[in-house]
Number of protein chains: 2
Amino acid sequence: MVDILHRVGVQTPTPERVYEALTTVDGLAGWWTGDARGSGEPGGVLEFRFPPVGGFDMEVLETVPGERVTWRVVEGPAEWVGTTVEWRLRQDGDWTIVLFTHAGWREPVEFMHHCSTKWASFLLSLKSLLETGSGAPAPRDVPISDWH
Amino acid sequence: MVDILHRVGVQTPTPERVYEALTTVDGLAGWWTGDARGSGEPGGVLEFRFPPVGGFDMEVLETVPGERVTWRVVEGPAEWVGTTVEWRLRQDGDWTIVLFTHAGWREPVEFMHHCSTKWASFLLSLKSLLETGSGAPAPRDVPISDWH
């Protein structure tokens with residue numbers, strides 16, 4: 001089992017504002033994909049689509065306001081189903097530190113390499129959304145390769 | 001042991017041009033840090049500095065033109081020393097695919113999360129250098145957090 005790990009710091013906002021961007025459809029649509037719907041509350045399912053290539057359904061496992069959000073992938077590419085995505089938040093002075101883990105990959109396949117880089121790019125989109133009011137969600141996301 | 005994995009695609013250039021950006025001081029200074037020196041040939045040592053915070057010395061273990069470059073970290077932060085950085089290149093149509101592995105981390109510490117995101121950002125700098133002629137090496141690198 002291998003994990004994707006990332007860390008970004010968001011300047012100025014509180015963990016509560018980052019938490020909102022991870023648990024509301026409006027927030028998620030501002031940095032990950034404009035085609036987001038569903039419920040970010042525990043037990044809810046969030047549906048993220050990236051036309052025309054598909055997407056992911058995430059069951060919300062846990063939310064602790066300002067501290068933690070955990071999802072489990074219930075629909076999507078075979079490599080993703082059953083993996084978990086965890087967000088940990090904390091305040092460090094003027095910064096909100098975001099620790100990200102996408103855990104439970106069965107093999108370090110080439111698609112995992114791609115997803116790791118793409119997650120980094122979306123975390124910087126989240127940072128930008130909160131710092132400037134403007135993120136780069138799909139379909140306006142930063143292209144990183146032939147796989148978009 | 002846990003690894004950092006990434007994948008980017010560089011449009012237009014050949015694997016030979018990407019290889020050059022990984023094995024020459026001029027190439028490396030164009031996307032990673034302007035303060036790069038040493039030799040990118042097997043047995044050589046490359047020194048990368050990021051004033052004022054330090055840097056890394058990499059022993060070049062293997063170079064296969066247009067295909068592969070491997071470094072071992074011989075000086076730098078304790079978490080890095082002894083780890084290996086591997087670049088694998090291949091041509092896919094108009095694209096050069098770059099598969100990156102920073103292997104041998106002993107623990108998934110918070111610094112590893114940071115380095116994972118930062119590597120992604122530098123891989124996009126490498127892509128930009130080769131596609132547009134302009135990368136974002138330190139000290140002009142993209143800030144991702146309070147740790148820069």
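Residue numbers start from 1 in every chain, and the chains themselves are labelled A, B, ... in the order their sequence lines are given, proteins ahead of strands.
- Heavy atoms closer than 4.5 Å to chain A are found in both the backbone and the side chain of Glu110(B).
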Walk me through whether His6(A) and Val98(A) qualify under side-chain contact (heavy atoms from CB on, under 4.5 Å). CA-CA 8 Å; His6(A) 288 296; Val98(A) 180; over 6 Å; no

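- Residues from residues 116-140 of chain B that place a non-hydrogen atom less than 4.5 Å from a non-hydrogen atom of chain A comprise Ser116(B), Thr117(B), Ala120(B), Leu124(B), Lys127(B), given in numerical order.
- Among the residues in residues 15-49 of chain B, none has a non-hydrogen atom closer than 4.5 angstrom to a non-hydrogen atom of chain A.
- Neither the backbone nor the side chain of Phe111(B) comes within less than 4.5 Å of any heavy atom of chain A.
- Within the 4.5 Å cutoff, no side-chain heavy atoms of Asp3(A) are placed close to those of Pro108(B).
- Val53(A) and Val81(A) fall into different hydrophobic clusters, defined by Ile, Leu, Val, Met, Phe, Trp and Tyr side-chain heavy atoms under 4.5 Å apart, directly or through other members.
- Here the CG atom belonging to Leu99(A) is positioned 12.0 Å from the NE2 atom belonging to His114(B), to the nearest 0.5 angstrom.
- Within residues 67-80 of chain B, no residue has a heavy atom under 4.5 Å from a heavy atom of chain A.
- Within the 4.5 angstrom heavy-atom criterion, only side-chain atoms of Ile97(B), from C-beta onward, approach chain A.
- For Thr96(B), no part sits under 4.5 Å from any heavy atom of chain A, backbone or side chain.
- The line from OG1 of Thr14(B) to CG of Asp94(B) is 12.0 Å long, rounded to the nearest 0.5 Å.
- Rounding to the nearest 0.5 angstrom, the gap separating the NE2 atom in His113(B) from the OG1 atom in Thr101(A) is 4.0 Å.
- The minimum heavy-atom distance between Val2(A) and Glu107(A), with the atom names listed, is CG2-C, 4.0 Å.
- Atom-to-atom distance recorded for Ser145(B):OG and Arg7(A):CZ is 4.5 Å, nearest 0.5 angstrom.
- Note that CH2 of Trp147(A) is 12.0 Å distant from CH2 of Trp95(B), once rounded to the nearest 0.5 Å.
- Against chain B, the residues from residues 82-93 of chain A that qualify, each with a non-hydrogen atom under 4.5 angstrom away, are Arg88(A), Arg90(A), Asp92(A) in number order.
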